[in-house]
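Some notes on the structure that comes next.
One-based numbering along the sequence shown. Order of appearance sets the numbers: ligands from 1, and atoms from 1 within every ligand. As a basis for the values below, the full set of heavy atoms in this structure was taken, side chains included, without hydrogen atoms, waters or symmetry mates.
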Amino acid sequence: MSKAKVLVTGIIPEQGLKELKETFDVFYDPEIETRDWILKHLKEYDGLLLMGTKADKELIDAGSNLKIITANGVGFDHIDIDYAKSKGIVVSNCPTGVRVPTAEMTFALILATVRRLYLYDKIVRSGNWVDVSEQQYMGMSLQGKTLGVYGMGRIGSEVAKFCQALGMNVIYNDPHRLDEELEQKLGVKYVDFDTLIKEADVITLHAPALPSTTGVFNSEVFDKMKDTAYIVNAARGVLIKQADLIDALKNGKIAGAGLDVFETEPNIPEELRKLDNVIMSPHAGTGTLEARTAIAEEASKNLISYLKDGKPLNQVNK
Ligand SMILES: NC(=O)C1=CN([C@@H]2O[C@H](COP(=O)(O)OP(=O)(O)OC[C@H]3O[C@@H](n4cnc5c(N)ncnc54)[C@H](O)[C@@H]3O)[C@@H](O)[C@H]2O)C=CC1
Ligand SMILES: O=CC(=O)O
């Protein structure tokens with residue numbers, strides 16, 4: 001029997017593709033795989049490891065022999081999962097490999113934001129110096145402060161643990177409340193959304209991009225937050241109305257922001273780039289060799305389990 005054919009898109013560490021290459025006939029060449037190339041050749045493949053482009057109707061239609069698409073990560077808002085389902089295509093994701101690396105990045109953004117590392121680095125790098133006894137240069141200590149987690153799933157709960165190690169109290173809001181035993185074990189307290197935004201000193205976003213989460217963090221919310229509070233987003237840009245955030249940051253409605261994701265990604269408005277109370281990264285939550293290798297291995301397992309054994313793993317469009 002001939003081997004199944006798998007197309008790998010995006011830029012993936014080779015070592016993460018070892019098992020996939022041993023099992024299937026794999027094509028992977030980031031140099032030539034433009035979207036046009038993918039659309040032209042996708043019909044030759046049974047499986048797709050997707051990164052760097054959208055699996056919209058056009059792409060799914062182009063994959064007339066596709067049986068499975070696996071996201072190279074946990075988020076699948078770039079995949080039309082219902083249309084894929086209507087075509088009998090399994091869509092899967094990689095929830096395990098992203099968990100700790102994205103929490104690490106979030107934690108880095110929280111610390112960098114509240115301790116004002118962007119501003120300090122800019123001052124020192126430009127050959128200047130300041131006296132941090134002056135209030136305008138002071139940051140905020142985290143010990144004893146309240147972390148508000150919006151979306152207490154895999155990444156949110158990991159970030160909660162990291163911040164508890166620094167002595168923070170953790171409150172959270174999520175439509176799926178954890179059971180009380182788990183809340184106690186994690187040391188986290190469920191609150192309604194209004195309480196979350198009013199009480200948190202740092203709000204960290206970990207909900208997926210959904211119609212119900214889009215634009216939730218807007219002017220109305222920034223008006224209710226403490227003016228000393230910070231917001232960190234390593235989930236998806238659409239959760240925050242970017243124009244409202246810029247206004248809140250410019251007008252002292254909140255103290256600062258740490259952003260790994262953006263509503264207009266990868267185009268970041270100059271108005272945001274000019275602000276000293278923001279630190280930004282280029283959607284780098286899983287940007288380590290270890291993480292990208294583990295994610296590629298997880299994606300490979302999804303493909304192998306379905307194309308070889310007929311068993312979908314991590315399916316998100318059942
Ligand atoms: N910056 C980056 O590089 C990365 C970003 N992500 C993003 O992080 C998101 C979260 O990932 P995981 O923790 O693995 O997902 P998860 O599914 O384990 O957790 C998401 C949580 O959000 C909750 N949620 C859903 N709707 C909500 C709402 N309206 N309000 C509050 N909470 C809500 C869910 O109930 C769930 O508990 C992903 O969907 C992805 O968009 C994930 C990995 C890397
Ligand atoms: O943004 C990355 C993901 O895994 O989702």
Side-chain angles (χ1 to χ4, degrees), residues 10-12 16 49-55 70-79 81 91-110 148-162 170-179 182-183 186 188 190-197 200 203-218 221 231-240 257-263 265-266 279-288 290-299 302 314-316:
I11 302 176
I12 313 273
L49 196 164
L50 180 77
M51 200 188 175
T53 192
K54 282 185 179 174
T70 182
N72 191 61
V74 73
F76 48 86
D77 42 298
H78 58 308
I79 303 177
I81 61 168
V91 178
S92 59
N93 71 348
C94 300
T96 309
V98 305
R99 179 177 181 150
V100 173
T102 310
E104 280 180 1
M105 188 66 188
T106 308
F107 191 54
L109 285 172
I110 292 174
V149 180
Y150 178 75
M152 186 58 89
R154 288 171 288 251
I155 298 170
S157 55
E158 213 63 47
V159 172
K161 267 195 261 171
F162 291 167
V170 181
I171 56 178
Y172 79 97
N173 179 255
D174 192 308
H176 302 110
R177 185 174 172 178
L178 306 176
D179 67 49
L182 189 54
E183 282 181 357
L186 294 174
V188 300
Y190 174 82
V191 294
D192 60 35
F193 182 74
D194 239 40
T195 307
L196 184 92
I197 59 172
I203 295 188
T204 186
L205 311 189
H206 300 292
L210 298 169
S212 62
T213 59
T214 299
V216 163
F217 289 84
N218 52 32
V221 168
I231 188 163
V232 169
N233 189 8
R236 282 293 182 267
V238 294
L239 272 58
I240 297 182
L259 306 171
D260 185 49
V261 289
F262 304 83
E263 199 178 15
E265 193 174 314
I279 188 152
M280 297 181 276
S281 49
H283 200 143
T286 59
T288 68
E290 294 86 346
R292 291 295 170 96
T293 303
I295 295 164
E297 287 168 353
E298 197 175 353
N302 290 341
N314 299 315
Q315 186 176 358
V316 296

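Near Asp260, the atoms of ligand 1 lying under 4.0 angstrom from a non-hydrogen atom of the residue are 1 (N), 2 (C), 3 (O). If you number the atoms of ligand 1 from 1 as listed, the ones under 4.0 Å from a heavy atom of His206 come out as 10 (C), 20 (C), 21 (C), 22 (O). Taking a cut-off of under 4.0 Å to the non-hydrogen atoms of Thr213, the atoms of ligand 1 that pass are 26 (N), 27 (C), 28 (C), 29 (N). Those atoms of ligand 1 with a heavy atom of Asn173 less than 4.0 angstrom away are 31 (C), 32 (N). Close approach of ligand 1 to Met152 is summarised as follows: ligand atoms under 4.0 Å from at least one heavy atom of the residue are 37 (O).
Gly153 CA, 3.3 Å is the protein heavy atom nearest to atom 19 (O) of ligand 1. Of the protein's non-hydrogen atoms, the one nearest atom 37 (O) of ligand 1 is Asp174 OD2, 2.6 Å. Here the heavy atom of the protein found nearest to atom 5 (C) of ligand 1 is Ala234 O, 3.2 Å. Nearest non-hydrogen protein atom to atom 42 (C) of ligand 1 is Val74 CG1, 3.3 Å. Nearest to atom 43 (C) of ligand 1 among the protein's heavy atoms is Thr102 OG1, 3.5 Å. Nearest to atom 25 (C) of ligand 1 among the protein's heavy atoms is Pro208 CD, 3.8 Å.
At distances below 3.5 Å, not a single donor-acceptor pair connects side-chain atoms of Arg292 with backbone N or O atoms of Ile12. The backbone N or O of Pro208 lies less than 3.5 Å from a partner atom in the side chain of Thr213, making a donor-acceptor pair. Counting only distance, with no hydrogens or angles, the side chain of Glu158 and the backbone of Ala103 share no donor-acceptor pair below 3.5 Å. With Asn173 contributing its side chain and Tyr150 its backbone, the two residues share no donor-acceptor pair below 3.5 Å. Formation of a donor-acceptor pair under 3.5 Å by the Glu265 side chain with backbone atoms of Phe262 is found in this model. Counting only distance, with no hydrogens or angles, the side chain of Asn233 and the backbone of Arg236 share a donor-acceptor pair below 3.5 Å.
Residue Ala71 comes nearest to Ala299 through the heavy atom pair O-CB, 4.3 Å, listed as atom of the first residue, atom of the second, then distance. Between Ala284 and Asp260, the closest heavy-atom pair is N-OD1, 2.6 Å. Closest non-hydrogen pair, Ser157 versus Leu186, comes out as CB-CD1, 4.3 Å.
Ligand 1 has a nitrogen or oxygen under 3.5 angstrom from a nitrogen or oxygen of Arg236. Close N/O approach between Gly285 and ligand 1 is found [any backbone or side-chain N/O within under 3.5 Å]. Considering both main-chain and side-chain atoms, His176 comes within under 3.5 Å of ligand 1 through a nitrogen or oxygen pair. Inclusion of Ile155 in the set of residues having an N or O under 3.5 Å from an N or O of ligand 1 is warranted.
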Short N or O separations between ligand 2 and the protein, below 3.5 Å:
residue  : atom  : partner : partner atom : Å
ligand 2 : 1 (O) : Arg236  : NH1          : 2.9
ligand 2 : 1 (O) : Arg236  : NH2          : 3.4
ligand 2 : 1 (O) : His283  : NE2          : 2.7
ligand 2 : 4 (O) : Val74   : N            : 2.8
ligand 2 : 5 (O) : Gly75   : N            : 2.7
ligand 2 : 5 (O) : Arg236  : NH2          : 2.8

- Message: Checking Thr106 against Phe162 for the side-chain contact (heavy atoms from CB on, under 4.5 Å) test, could you report, in this order, the C-alpha distance in whole Å, the side-chain angles of both residues, the deciding distance, and whether it holds?
- Response: CA-CA 10 Å; Thr106 308; Phe162 291 167; over 6 Å; no
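Neither the backbone nor the side chain of Met105 comes within contact range of ligand 1; no heavy atom lies under 4.0 Å.
When Arg154, His283, Glu158 are ranked by how near their heavy atoms come to atom 18 (O) of ligand 1, first place goes to Arg154. Within the set Pro175, Ala103, Pro282, the minimum heavy-atom distance to atom 32 (N) of ligand 1 is found for Pro175.
Not a single side-chain hydrogen bond (donor to acceptor under 3.5 Å, both in side chains) links Asp174 to another residue, sequence neighbours left out.
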